[in-house]
Protein chains: 2
Amino acid sequence: MTAQSMPPAQLALQLRDAITRLNRRVRQARPVGDLTVTQLSALTSLRLAGALTPRELADVERVQPPTMTKIVAKLEERGLVQRTPHPTDGRQVILATTEGGQAVLDQLERVRDGWLARRLTELSDTDRETLHRAAEILQRISHA
Amino acid sequence: MTAQSMPPAQLALQLRDAITRLNRRVRQARPVGDLTVTQLSALTSLRLAGALTPRELADVERVQPPTMTKIVAKLEERGLVQRTPHPTDGRQVILATTEGGQAVLDQLERVRDGWLARRLTELSDTDRETLHRAAEILQRISHA
DNA sequence: GCAGTTCCTTAGTTAGGCTAACTATCGTGA
DNA sequence: TCACGATAGTTAGCCTAACTAAGGAACTGC
């Protein structure tokens with residue numbers, strides 16, 4: 001079936017099916033240091049940005065602030081992120097990765113998303129190119 | 001960045017990022033009759049297959065049997081699926097959609113995945129074609 | 001006919017999401 | 001200047017969704 005003959009509603013179903021199943025699969029594989037996909041994602045975003053407030057990190061991760069409070073609490077428990085008070089605004093907190101957090105991400109650099117990466121290795125260049133373009137589209141959609 | 005210059009490990013990261021975020025978004029929108037995405041997915045698979053045992057449905061949905069027990073329990077509570085004993089094997093149960101379940105799916109046919117479908121409508125034919133091909137690849141991967 | 005296996009369920013845990021409501025701080029306008 | 005609304009973060013409580021461990025019931029093979 002081509003794009004011309006597939007209406008958005010049907011594509012939505014197929015796409016949702018694909019992402020929910022793949023999401024389950026990816027979540028099953030807990031790769032690095034017992035961190036979940038969600039925790040790793042937050043940690044990665046934090047390092048990428050350098051330092052963020054919880055609200056900013058919540059916005060980046062597309063979750064509500066209380067959810068980010070929990071995620072950050074888990075990461076802090078493990079000593080992977082650090083909270084420092086904002087220099088001028090007493091309400092705000094600055095989050096940053098610790099050396100331990102950097103180490104975990106460095107390890108991630110080496111291990112990466114093993115299961116998914118292995119599957120991708122088995123694909124053709126064309127398929128990988130398709131997935132790459134699809135990922136860009138989906139990221140754009142998610143931020144709409 | 002093209003497929004040639006993007007190694008599988010990096011593509012895996014990008015793809016994982018895209019699907020986890022989109023998954024969060026899709027889960028937020030509870031479309032039909034108070035059913036969750038997970039429940040709808042199971043119900044859809046069940047109708048597609050006609051009738052399945054819980055184990056088979058769990059395999060299709062890529063969850064562990066206890067998880068499927070809970071999902072089926074919720075669907076049964078709402079009268080959307082029916083359990084009948086296996087004719088010869090007393091351990092097994094046969095699951096099938098009820099008329100109510102069919103009705104919900106028919107309604108779904110009409111409403112479909114609203115939020116996602118709307119986003120897809122805004123895309124170009126080329127982008128939709130890309131997503132369609134990507135979904136096929138991802139579905140294949142999830143079952144590997 | 002017993003031992004092992006399979007199927008399903010129950011029980012309990014954990015992660016991750018939400019909303020509502022609270023505390024503390026900030027900023028501003030009368 | 002100070003009272004009050006707005007903002008940042010957390011807490012509390014609830015839900016879904018996944019897991020593992022362990023159990024009972026039924027089947028199967030020797």
Side-chain angles (χ1 to χ4, degrees), chain A residues 16 19-43 45 51-78 80-95 142, chain B residues 16 19-31 33-43 51-78 81 83-95 142:
Chain A
R16 189 206 14 82
I19 62 173
T20 55
R21 274 165 221 247
L22 190 57
N23 204 51
R24 281 179 199 142
R25 265 309 188 85
V26 168
R27 279 176 182 276
Q28 277 173 21
R30 307 266 170 97
V32 178
D34 265 353
L35 289 184
T36 65
V37 169
T38 304
Q39 290 164 11
L40 268 177
S41 178
L43 195 57
S45 294
L52 293 173
T53 68
R55 156 69 72 175
E56 287 167 340
L57 186 52
D59 285 345
V60 170
E61 292 294 303
R62 295 271 147 184
V63 297
Q64 294 300 309
T67 302
M68 189 47 68
T69 295
K70 282 190 188 179
I71 296 170
V72 167
K74 298 252 169 64
L75 292 173
E76 203 187 6
E77 253 175 39
R78 287 176 168 76
L80 305 180
V81 307
Q82 200 175 9
R83 325 159 64 101
T84 55
H86 191 284
T88 64
D89 190 336
R91 298 167 301 180
Q92 294 190 44
V93 178
I94 306 293
L95 303 175
S142 296
Chain B
R16 195 219 353 94
I19 62 174
T20 56
R21 275 163 220 249
L22 190 57
N23 205 49
R24 280 179 198 142
R25 268 308 189 86
V26 168
R27 278 175 186 277
Q28 280 174 19
R30 305 270 168 92
D34 266 354
L35 290 183
T36 65
V37 169
T38 305
Q39 291 163 10
L40 268 177
S41 178
L43 193 59
L52 294 173
T53 67
R55 155 70 72 178
E56 288 167 339
L57 188 52
D59 286 345
V60 170
E61 291 293 304
R62 295 271 150 187
V63 297
Q64 294 300 309
T67 302
M68 190 47 68
T69 294
K70 283 192 185 178
I71 295 170
V72 168
K74 295 253 171 65
L75 291 173
E76 202 188 8
E77 252 175 40
R78 287 177 168 77
V81 308
R83 325 160 64 103
T84 54
H86 191 284
T88 64
D89 190 336
R91 298 166 303 177
Q92 294 189 44
V93 178
I94 306 292
L95 303 175
S142 295

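Just so it is clear: chains get the letters A, B, ... in the order the sequence lines come, proteins before strands, and each one is counted from 1.
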Within less than 4.0 Å of OP1 or OP2 of C:dC26, is there a side-chain N or O belonging to A:Q92? no
So, is B:T67 near the phosphate of D:dC19, with a side-chain N or O under 4.0 Å from OP1 or OP2? yes
Distance, rounded to the nearest Å, where B:I71 contributes CD1 and D:dC19 contributes C1': 12 Å
Please list, for nucleotides 23-25 of chain C, all pairs of protein and nucleotide N/O atoms separated by less than 3.5 Å.
from   : atom 1 : to    : atom 2 : distance (Å)
C:dT25 : O3'    : A:G90 : N      : 3.4

Strand-adjacent residues in residues 59-66 of chain B, judged by heavy atoms under 4.0 Å from DNA chain D: B:V63, B:Q64, B:P66
Phosphate OP1/OP2 of D:dA17: any B:T36 side-chain N/O under 4.0 Å: yes
Length of the CE-P vector between A:M68 and C:dG17, whole Å: 8 Å
d(NZ, B:K74; C1', D:dT16) in whole Å: 6 Å
Rounded to whole Å, how long is the line connecting atom NZ of B:K70 with atom P of C:dT13? 12 Å
Holding to side chain to side chain donor-acceptor pair (under 3.5 Å), I want the full list of residues that pass it with B:T88, two or more places apart in sequence or in another chain. B:H86
Under a 4.5 Å cut-off applied to non-hydrogen side-chain atoms, are B:I94 and B:T53 in contact? yes
Taking distance alone, no hydrogens or angles, what donor-acceptor pairs closer than 3.5 Å link side-chain atoms of residues 58-66 of chain A to residues at least two apart or in another chain?
from  : atom 1 : to    : atom 2 : distance (Å)
A:E61 : OE1    : A:S41 : OG     : 2.8
A:E61 : OE2    : A:S41 : OG     : 3.4
A:E61 : OE2    : A:S45 : OG     : 2.5
A:E61 : OE2    : B:R21 : NH2    : 3.2

Residue pairs passing the salt bridge (charged side-chain N to carboxylate O under 4.0 Å, His left out) test with at least one member in residues 68-77 of chain A, sequence neighbours excluded, are A:E76-A:R83
Indicate whether OP1 or OP2 belonging to D:dA17 is found under 4.0 Å from a side-chain N or O atom of A:R24. no
Using a heavy-atom cut-off of 4.0 Å across all strands, would you classify A:T69 as base, sugar-phosphate, or nothing? base
Do B:L95 and B:P54 come within less than 4.5 Å of each other through their side chains, counting heavy atoms only? yes
Does B:T20 have any side-chain contact (heavy atoms from CB on, under 4.5 Å) partners at least two apart in sequence or in another chain, and if so, which? A:N23, A:V37, B:R16
To the nearest angstrom, how far is A:L35 atom CG from C:dT14 atom C1'? 14 Å
Nearest-angstrom distance from the residue atom CZ of B:R25 to C1' of C:dG16: 17 Å
Indicate, with a heavy-atom threshold strictly under 4.0 Å, whether B:E56 touches base, sugar-phosphate, or nothing. nothing
Nearest-angstrom distance from the residue atom CG of A:N23 to C1' of C:dG16: 12 Å
Taking C-beta and beyond as the side chain, do B:L35 and B:L75 meet within less than 4.5 Å on heavy atoms? yes
